[in-house]
Amino acid sequence: MKLVQVLIEYANYSLDRPFSYIYKGSKKIDVGFRVLLSFNNRELVGYVVALEDTDKSLEEIEAETGFKIGEIIDVIDESPLLSEDLLSLADEVADYYIAPKISVLQCMLPPSLSPRKSSLKAPKIAYDLYVRSIDESEHGLTDKQIELLRLISSVDQVLKREIKQVSVLDKLIERGKVEVFKVEKRRLAIPNYEYKEPPALTDEQKAVVNQFNNSNDRVYLLEGVTGSGKTEVYLSLSEQVLKEGKSVLMLVPEISLTPMMMEYFIRRFKGNVAILHSELTPGEKYDEYRKIAKGDCKVVIGARSAIFAPLDNIGLIILDEEHVESYKQDTVPFYHAREVAIMRAKKHNAKVILGSATPSLESRARAQKNVYHLLLLNKRINKQELPETTIINLSDYRNIDRDSYIFSKQLREATENVLARGEQAILLINRRGFSTSVSCRKCGHIFKCPTCDIPLTYHKTDNMLKCHHCDYVCTMPEECPECFSKYIMKTGFGTERIEEEVNRLFPEARTLRLDSDSAKIRAKIPSIIEAFRQKKADILIGTQMIAKGHDFPDVTLVGIVLADIGLSMPSYRSNERAFQLITQAVGRSGRKDKKGIAIIQTYNPTNYAITMAARQNYELFYQKEMNYRRMQSYPPYTYLASITLAGKREDNVIFGMTNIIDILNKEFGDNGQILGPTVPYIPYEKDNYLRTALVKFKDYKLAKEILKKIVSLYSGKSQFHLTINIDPYNF
Ligand code: ADP
Ligand code: ZN
Ligand code: ZN
């Protein structure tokens with residue numbers, strides 16, 4: 001009999017410790033295997049973290065430990081799921097982010113292998129059946145059989161389903177002339193791009209590569225203006241690393257938005273590339289994961305969670321567009337791929353490159369202090385000029401077009417000019433849907449999401465109200481539920497409303513829309529982008545999704561319809577977000593040989609995030625924003641942690657949070673600043689009331705100790721659910 005220690009699949013602090021079970025069966029079982037067990041009368045999946053043989057009886061063990069010991073129902077795996085290296089990474093991530101260890105393991109593994117009950121229904125290995133000849137002597141065969149045998153013998157192997165003469169084939173199998181064998185199938189079709197001879201590096205690129213090679217530093221920040229050829233630097237360094245027999249991990253923020261990066265890597269490293277990101281099907285993910293684990297691919301391209309790809313002997317980890325916030329997971333364990341990349345690189349003695357035209361303030365500040373090694377690319381490859389940018393003050397009536405409350409005179413005229421020249425325009429607004437909120441004109445009732453308590457957005461295409469935080473939808477009501485008035489008012493505007501306005505003002509223009517509504521259908525994003533690139537439309541309307549690194553040669557106008565939206569979001573990062581978004585968007589205008597313009601409409605024409613972005617002046621923005629962060633004690637001058645308490649009774653939650661804040665104040669003393677309790681932006685989740693506190697501190701070690709104390713105090717209280725987010729973004 002074996003005494004086994006397992007982690008339970010629930011990512012909860014109170015269960016974040018090994019539980020003892022016994023296993024009496026005969027299957028192979030070891031550390032790193034998943035098992036099926038019963039926990040509080042529920043069938044769950046556990047993850048084995050330790051085990052030993054024992055001669056003691058169950059009663060003896062129970063008497064010793066004082067617990068009732070359950071029995072493992074079944075062993076799920078035949079080999080351990082994670083390598084030593086990833087297991088120790090899981091420990092480090094769980095420790096740094098103060099997260100339940102099982103939550104980290106669940107992030108690391110694809111759905112088919114994840115330690116959770118739902119994984120048991122996830123896809124398994126898929127096979128293709130092939131046929132090959134084993135005996136070519138034709139004696140005693142019919143002509144038809146000889147014909148087929150010769151055909152099969154002429155190639156190494158044939159897909160069985162491609163052979164249409166089924167009965168002839170069956171005969172050949174029966175007579176031992178050919179055999180059927182199975183080969184693991186790769187469900188993801190990797191496009192078959194041609195290899196392209198790489199261009200000679202420019203002097204600037206060469207200088208960067210040399211600096212990188214001549215340094216022993218761990219982390220490099222590659223700051224290069226858009227179009228300065230960062231990708232070619234990544235490719236060139238990757239090639240070097242592969243030649244040394246090591247592997248490369250290439251992270252991009254969202255793969256469907258950056259198909260070009262994938263294409264470049266597939267072209268250069270054909271056959272050696274695996275792809276991992278959230279839009280793959282579970283079957284595809286499973287196949288890619290196993291291909292990497294078996295060592296069949298030495299280059300992995302993927303989004304955030306690909307940082308956990310089971311690559312061996314990593315030489316280089318690249319994070320492209322390192323400033324993008326999707327590298328931070330916004331659920332437990334709240335990890336940031338950049339921090340995990342650095343942890344992982346240390347274990348492999350690998351180097352990390354963080355690339356961006358507009359680095360996050362954290363990274364740039366670290367480079368300034370030589371914590372990261374700064375590499376600069378200042379010149380655009382084909383010396384394109386930056387677009388000419390105009391800021392339009394929407395509160396000045398002289399700019400307003402009487403005919404439209406969305407287009408200023410200038411934006412309307414610029415759009416007309418672009419259309420007349422047969423070129424293309426991009427119109428961007430950081431908000432999808434038709435209107436931002438819907439309310440009753442008579443009593444003021446605001447239609448809100450019953451789960452999240454935030455205003456619902458009206459979508460005209462399907463005449464529905466939608467919550468942009470959860471997936472709640474309802475049909476547009478005809479009357480107010482409070483006063484039964486029929487006067488329901490829609491205010492604000494989003495992508496849909498702009499599209500309608502464009503169609504009204506420019507009826508001859510062809511439009512495409514790209515926001516996360518149209519992107520709900522998986523294959524749609526690349527096809528919309530491709531259609532626009534091929535000039536099947538004149539105007540592309542979208543959210544920040546269209547601002548990311550696409551290359552549209554004929555776009556000569558970028559209009560930011562309302563630049564203020566991001567600014568009013570409750571976060572210390574709102575200026576940085578607005579700056580990043582506008583800079584990226586403006587950079588889309590005027591590629592190749594055509595000069596472009598950009599028009600930014602705003603009610604805050606003097607806000608420095610907007611003015612600096614219009615001038616594409618990262619340096620000045622960086623200095624101003626650092627000043628602000630220093631005065632307000634925000635990162636990178638401090639660390640942040642947020643603590644959220646959830647519970648069914650609001651008074652309990654408030655009381656609990658107040659108590660936590662008392663403890664924090666006492667423990668931190670002068671070493672931290674505690675804010676709260678506050679009602680978070682999403683105040684209510686899954687039938688639970690939420691309250692949050694924020695801690696600012698400089699000493700991370702001290703904070704970790706204190707926060708772990710809070711966890712141990714609160715994890716046993718079943719009326720509460722506690723979560724901790726290290727380096728949260730939305731404050
Ligand atoms: P970034 O990622 O810095 O915005 P890219 O890597 O997209 O810039 O490069 C911009 C363009 O310059 C691309 O079309 C790329 O193929 C081209 N390019 C990059 N390096 C070179 C080079 N050494 N010689 C010629 N063209 C290059
Ligand atoms: Zn009403
Ligand atoms: Zn909601």
Side-chain angles (χ1 to χ4, degrees), residues 76-79 109-114 118-195 255-256 259 262-263 265-267 269-302 309-310 521-527 530:
I76 298 167
D77 300 301
E78 288 166 7
S79 56
L109 288 155
S112 305
L113 295 172
S114 182
S118 58
S119 71
L120 302 183
K121 286 198 223 81
K124 304 280 176 290
I125 301 175
Y127 294 98
D128 273 326
L129 293 181
Y130 281 86
V131 178
R132 67 183 157 214
S133 73
I134 42 177
D135 175 9
E136 290 180 22
S137 69
E138 296 169 354
H139 182 72
L141 299 183
T142 67
D143 287 351
K144 280 211 152 72
Q145 291 166 354
I146 293 174
E147 185 200 15
L148 184 59
L149 181 61
R150 286 184 187 176
L151 196 70
I152 296 172
S153 304
S154 69
V155 288
D156 283 347
Q157 56 189 56
V158 194
L159 258 178
K160 183 163 180 264
R161 67 182 127 85
E162 282 179 358
I163 300 174
K164 300 292 175 242
Q165 307 101 303
V166 181
S167 60
V168 183
L169 178 65
D170 285 345
K171 275 274 151 23
L172 286 176
I173 297 169
E174 200 182 297
R175 298 180 131 216
K177 297 290 167 191
V178 300
E179 68 176 358
V180 178
F181 63 102
K182 52 185 193 176
V183 174
E184 277 184 27
K185 190 162 131 181
R186 189 177 188 185
R187 274 162 282 202
L188 179 68
I190 305 275
N192 192 21
Y193 299 118
E194 285 294 304
Y195 176 80
I255 221 154
S256 53
M262 206 162 70
E263 186 177 328
F265 270 76
I266 294 172
R267 271 187 205 289
F269 307 115
K270 257 194 132 127
N272 211 357
V273 180
I275 292 167
L276 273 183
H277 62 89
S278 60
E279 276 166 43
L280 301 185
T281 64
E284 290 169 340
K285 273 186 204 163
Y286 183 45
D287 294 350
E288 294 302 291
Y289 190 88
R290 283 180 26 268
K291 249 189 130 48
I292 302 165
K294 281 195 293 185
D296 289 352
C297 294
K298 301 281 184 229
V299 180
V300 173
I301 304 184
I521 301 162
R522 188 161 106 90
K524 246 183 158 177
I525 308 174
S527 65
E530 200 41 43

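If you're wondering where the values come from, they're calculated on a predicted model, not measured in any experiment.
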Pairwise distance CG(L280) to CD1(I275) - rounded to 0.5 angstrom: 7.5 Å
Spacing of OH belonging to Y130 relative to CZ belonging to R161, to within rounding of 0.5 Å: 7.5 Å
Distance (rounded to the nearest 0.5 Å) between C297 SG and I190 CD1: 7.5 Å
Other residues, nucleotides, ligands: >12 heavy atoms within 6.0 Å of K294 NZ: yes
Within 6.0 angstrom of K124 NZ, more than 12 heavy atoms from elsewhere: yes
K298 vs F269, side-chain contact (heavy atoms from CB on, under 4.5 Å): CA-CA, chis, key distance, verdict: CA-CA 9 Å; K298 301 281 184 229; F269 307 115; over 6 Å; no
Straight-line distance of R290 CZ to E184 CD, nearest 0.5 Å: 4.0 Å
Heavy-atom donor-acceptor pair, D128 side chain to V183 backbone, under 3.5 Å: no
Over 12 foreign heavy atoms within 6.0 Å of CG, D170: yes
N/O donor-acceptor pair under 3.5 Å between R187 side chain and T281 backbone: no
Intermediate values then yes/no, side-chain contact (heavy atoms from CB on, under 4.5 Å), L141 and L172: CA-CA 9 Å; L141 299 183; L172 286 176; 4.2 Å; yes
Value rounded to 0.5 Å, distance of NZ in K185 from CG in D287: 9.0 Å
side-chain contact (heavy atoms from CB on, under 4.5 Å) evaluation trace for I292 with L276: CA-CA 10 Å; I292 302 165; L276 273 183; 3.8 Å; yes
Closest heavy-atom pair and its distance - I152, V178: CD1-CG1, 4.1 Å
Sidechain-backbone polar pair: S119 side chain, A122 backbone, donor-acceptor under 3.5 Å: no
Trace of the side-chain contact (heavy atoms from CB on, under 4.5 Å) decision for T142 with E147: CA-CA 9 Å; T142 67; E147 185 200 15; over 6 Å; no
For the student: nearest non-hydrogen atoms of E136 and S153, plus distance: CG-OG, 3.6 Å
N-O pairing of R186 and E288 below 4.0 Å: yes
Gap between atom CG of L169 and atom CD of Q145 - 0.5 Å precision: 10.5 Å
Among P123, S112, P110, side-chain contact (heavy atoms from CB on, under 4.5 Å) partner for K285: P110
Non-hydrogen atoms of Y286 and I125 that approach each other most closely: CE2-N, 3.3 Å
Flag, side chain of R267 to backbone of E194, donor-acceptor distance under 3.5 Å: yes
Shortest non-hydrogen contact from L149 toward S133: CD1-CB, 4.0 Å
Within 6.0 angstrom of K144 NZ, more than 12 heavy atoms from elsewhere: no
